[in-house]
Amino acid sequence: MSLKKNTSFFAAAMSLLIIIFAGTVFASDLDQIKKRGTLRHLGIPYANFVTGQETGLSVEVIKLFAAHLGVKYEFVRSNWSTIFGDLTGTMVKPDGDGVEFLEKTPIKGDIISNGLTKLKWRQEVINYSESTFPTQVWCVARGDSPLKPIKPSGDIDDDIKAVKNMLKGKKVMGKQGTCLAPGLYGIDSSVATIINFPGSLNDIAPAIIKGEADVALLDVPDSLVALNKWPGKIKVIGPISHRQTMGAGFRKNSPELLKEFNEFYAELRKSGEYNRLIRKYYPAVFSYYREFFQN
C-alpha cells in the first residue's frame, strides 16, 4: 500500500473511531435517554440515600425523575473507587483539591445520586445539580470516650480549630476518595495517626463503636443515621469542615439532562413532595438545617 493510501486509510480509521467515541460519550444526554427508554441511576449504598434494597431518598427521587421523563428506572450499583468512571468513561484519582485523569472505562450510568458532597476536585470531573441536601463533616467518637464535645463559640473557624487541637496524637479514621478524607481538612500524619477505612461508609460508625480508632470523620447524613441507630454509643465532638451541600452528578456533556433535572427538582420542592421524602428518611435534619428546606 502506498504512503498516500496508508495516510488516507489511517485518517479514515481515526475519523471512524472519533465518531464511535463521540457516540459513546454523548449516548446519554436527554434525547438519547428518551430514545433508549431507560434512565440509569448510579448509586452506592450509603446512609438513607441508597439502602441495600434499592430504596432510600436518592432512589425515590430518581425514580420520580425517570417517571417525569417517561422512561424506565434502572439502578446501577457502584463504589467510591469507580463511580466517576462509571459516569464519565474515564477513571479518576483525587489529588488534594485536584484530580488525576486515568484510563478509559465503559460508561455504565447517566446520573450519580447517593448523597454526593460538592468538592472542588469532583467539580473538575462532573457537573452538579442544584444543591439537594445540606451537610458538614463532623468528628465523632464512642459514647464513653474521654473526648468531650466542644462548646460552640459562634465562630465556625474557632470551632474547627478547637476540634483539630483535640486530635493531636489520636487515631483518626476517614476514607480516601470521599468527603471524609482527612487530608481535605488539613489532618495528616503530622497531626494524628490516619486510618483509611477500607469498607463501606455505613460501617465507619460501627468501627468506632468497636474501638478501631479514637475518632472518625462522618458527614451529617451518616451521623444522623448513626445517632438514631445506636443512641448513646457515639457522640459528636464538633465540626471539621464548614457547611457543605450535596447534589446529583452529571457528565459535563449532558447539559440537557442536568437542566431537566434542575427544573424537575425545583417543582418537587415547590410541591412539598421533596420535604415529605426528607421527613421520611431524615426527620432530624430539620432541627439542624431547617432554613435549607424552606421553599
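All values below come from the heavy atoms of this structure, side chains included, with hydrogens, waters and symmetry mates left out. Remember, predicted model here, so these are calculated numbers, not experimental data.
- The hydrophobic cluster containing I160 also includes I156, under a criterion of side-chain heavy atoms closer than 4.5 Å among ILVMFWY residues, counted directly or through chains of members.
- Between the S271 side chain and the L268 main chain, a donor and an acceptor come within less than 3.5 Å of each other.
- Put simply, the side chain of I83 does not reach to within 4.5 Å of the side chain of L116, judged on heavy atoms.
- Remark: H41 NE2 to I112 CD1 distance equals 9.0 Å, nearest 0.5 Å.
- At a threshold of 4.5 Å between non-hydrogen side-chain atoms, the residues K175 and L201 count as touching.
- Between I209 and I234 the shortest side-chain heavy-atom distance falls below 4.5 Å.
- Within 6.0 Å of NZ in K161 there are 12 or fewer heavy atoms belonging to other residues, nucleotides or ligands.
- Annotation: side chain of P221 is not in contact with side chain of N48 (no heavy-atom distance under 4.5 Å).
- In this structure, CG in L39 is found 9.0 Å from CD in E74, a value given to the nearest 0.5 Å.
- The cluster map of Ile, Leu, Val, Met, Phe, Trp and Tyr, joined by side-chain heavy atoms under 4.5 Å apart, puts V236 and V163 in the same cluster.
- In this structure, F84 and W121 have perpendicular ring planes: the angle between them is above 60°, well past the 30° mark.
- M246 and V285 fall within the same hydrophobic cluster, defined by Ile, Leu, Val, Met, Phe, Trp and Tyr side-chain heavy atoms under 4.5 Å apart, directly or through other members.
- For the pair R279 and F286, the distance from NZ or CZ to the six-membered ring centre is under 6.0 Å and the angle to the ring normal is within 45 degrees.
- Linking ILVMFWY side-chain heavy atoms closer than 4.5 Å, directly or via other members, places L119 and L102 in two distinct hydrophobic clusters.
- The local environment of NZ in K170 is crowded, with over 12 non-hydrogen atoms from other residues, nucleotides or ligands closer than 6.0 Å.
- One side chain, S131 or K118, offers a donor N or O that lies under 3.5 Å from an acceptor on the other.
- Screening I240, T245, T117, V220 for a side chain to side chain contact (heavy atoms under 4.5 Å, CB included) involving Q136 leaves a single residue, V220.
- The main-chain N or O of V50 is never found under 3.5 Å from a side-chain atom of N114 such that the two would form a donor-acceptor pair.
- Inspection of the D188 and S190 side chains reveals an N or O donor paired with an N or O acceptor under 3.5 Å.
- Y46 and W80 have perpendicular rings, their planes meeting at more than 60° on a 0 to 90° scale where under 30° would count as parallel.
- When hydrophobic clusters are built by joining Ile, Leu, Val, Met, Phe, Trp and Tyr residues whose side-chain heavy atoms come closer than 4.5 Å, directly or via intermediates, V191 is not grouped with L184.
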Margin query: Using the rule given for side-chain contact (heavy atoms from CB on, under 4.5 Å), can you reason through V61 versus T132, listing the C-alpha separation, both sets of side-chain angles and the distance that settles it, and then say yes or no?
Written below: CA-CA 10 Å; V61 169; T132 57; over 6 Å; no

Next item on the list: Evaluate the side-chain contact (heavy atoms from CB on, under 4.5 Å) criterion for residues D29 and Q32: first the C-alpha distance (whole Å), next the side-chain angles of each, then the deciding distance (0.1 Å), finally the verdict.
Entry: CA-CA 6 Å; D29 204 0; Q32 287 74 24; 3.7 Å; yes

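- Side-chain atoms of D219 do not come within 3.5 Å of backbone N or O of V137 as any donor-acceptor pair.
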Check: Given L30 and L69, is the side-chain contact (heavy atoms from CB on, under 4.5 Å) satisfied, shown in steps?
Finding: CA-CA 9 Å; L30 186 58; L69 296 179; 3.7 Å; yes

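- Residues L257 and I33 have side chains in contact (heavy-atom distance under 4.5 Å, counting atoms from C-beta outward).
- Electrostatic pairing of E273 and R276 counts as a salt bridge here, judged by a charged N lying under 4.0 Å from a carboxylate O.
- Remark: side-chain polar atoms of R251 are not paired, donor with acceptor, to backbone N or O of N253 under 3.5 angstrom.
- With contacts defined as side-chain heavy-atom distances shorter than 4.5 Å, the pair I126/T88 qualifies.
- In this structure T105 satisfies the side-chain contact (heavy atoms from CB on, under 4.5 Å) test together with M91, sequence neighbours excluded.
- Around the CZ atom of R269, the shell of radius 6.0 Å holds more than 12 heavy atoms that belong to other residues, nucleotides or ligands.
- Within the 4.5 Å cutoff, the side chain of P134 has no heavy atoms near those of the Y288 side chain.
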Next item on the list: Take T135 and Y289 through the side-chain contact (heavy atoms from CB on, under 4.5 Å) test and state the conclusion after the steps.
Entry: CA-CA 9 Å; T135 189; Y289 301 102; over 6 Å; no

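- What you find for P45 and S200 is that their closest heavy atoms are O-OG, 4.1 Å.
- Rounding to the nearest 0.5 Å gives a distance of 8.5 Å between CD1 of I44 and OG of S81.
- For D159 and S153, the side-chain atoms include at least one donor-acceptor pair closer than 3.5 Å.
- The main-chain N or O of G98 is never found under 3.5 Å from a side-chain atom of D95 such that the two would form a donor-acceptor pair.
- Of the inter-residue distances, the one linking L180 atom CG with S241 atom OG reads 9.5 Å to the nearest 0.5 angstrom.
- No chain of hydrophobic side-chain contacts below 4.5 Å, direct or via other Ile, Leu, Val, Met, Phe, Trp or Tyr residues, connects I208 to L217.
- Between the side chain of D214 and the main chain of K171, a donor-acceptor pair closer than 3.5 Å is present.
- A 6.0 Å sphere centred on NZ of K235 holds more than 12 heavy atoms belonging to other residues, nucleotides or ligands.
- Under a 4.0 Å N-O distance rule, the pair D110/R40 qualifies as a salt bridge.
- A salt bridge does not link K120 with E124: none of the charged nitrogens is closer than 4.0 Å to a carboxylate oxygen.
- Between F133 and F49, the angle of the ring planes goes over 60°, which puts this pair in the perpendicular group of the 30/60° scheme.
- Listed by chain and number, the residues in a salt bridge (charged side-chain N to carboxylate O under 4.0 Å, His left out) with E100 amount to none (sequence neighbours excluded).
- Contact of the F250 side chain with the S113 side chain is not registered, since no non-hydrogen atoms from C-beta on lie closer than 4.5 Å.
- Considering CD1 of I204 and CD of E212, their distance stands at 10.5 Å, rounded to 0.5 Å.
- Between H68 and F65, the angle of the ring planes stays under 30°, which puts this pair in the parallel group of the 30/60° scheme.
- Within a 6.0 Å sphere centred on NZ of K164, heavy atoms belonging to other residues, nucleotides or ligands number more than 12.
- Residue F75 holds its CZ atom at 10.0 Å from OG1 of T55, rounded to the nearest 0.5 Å.
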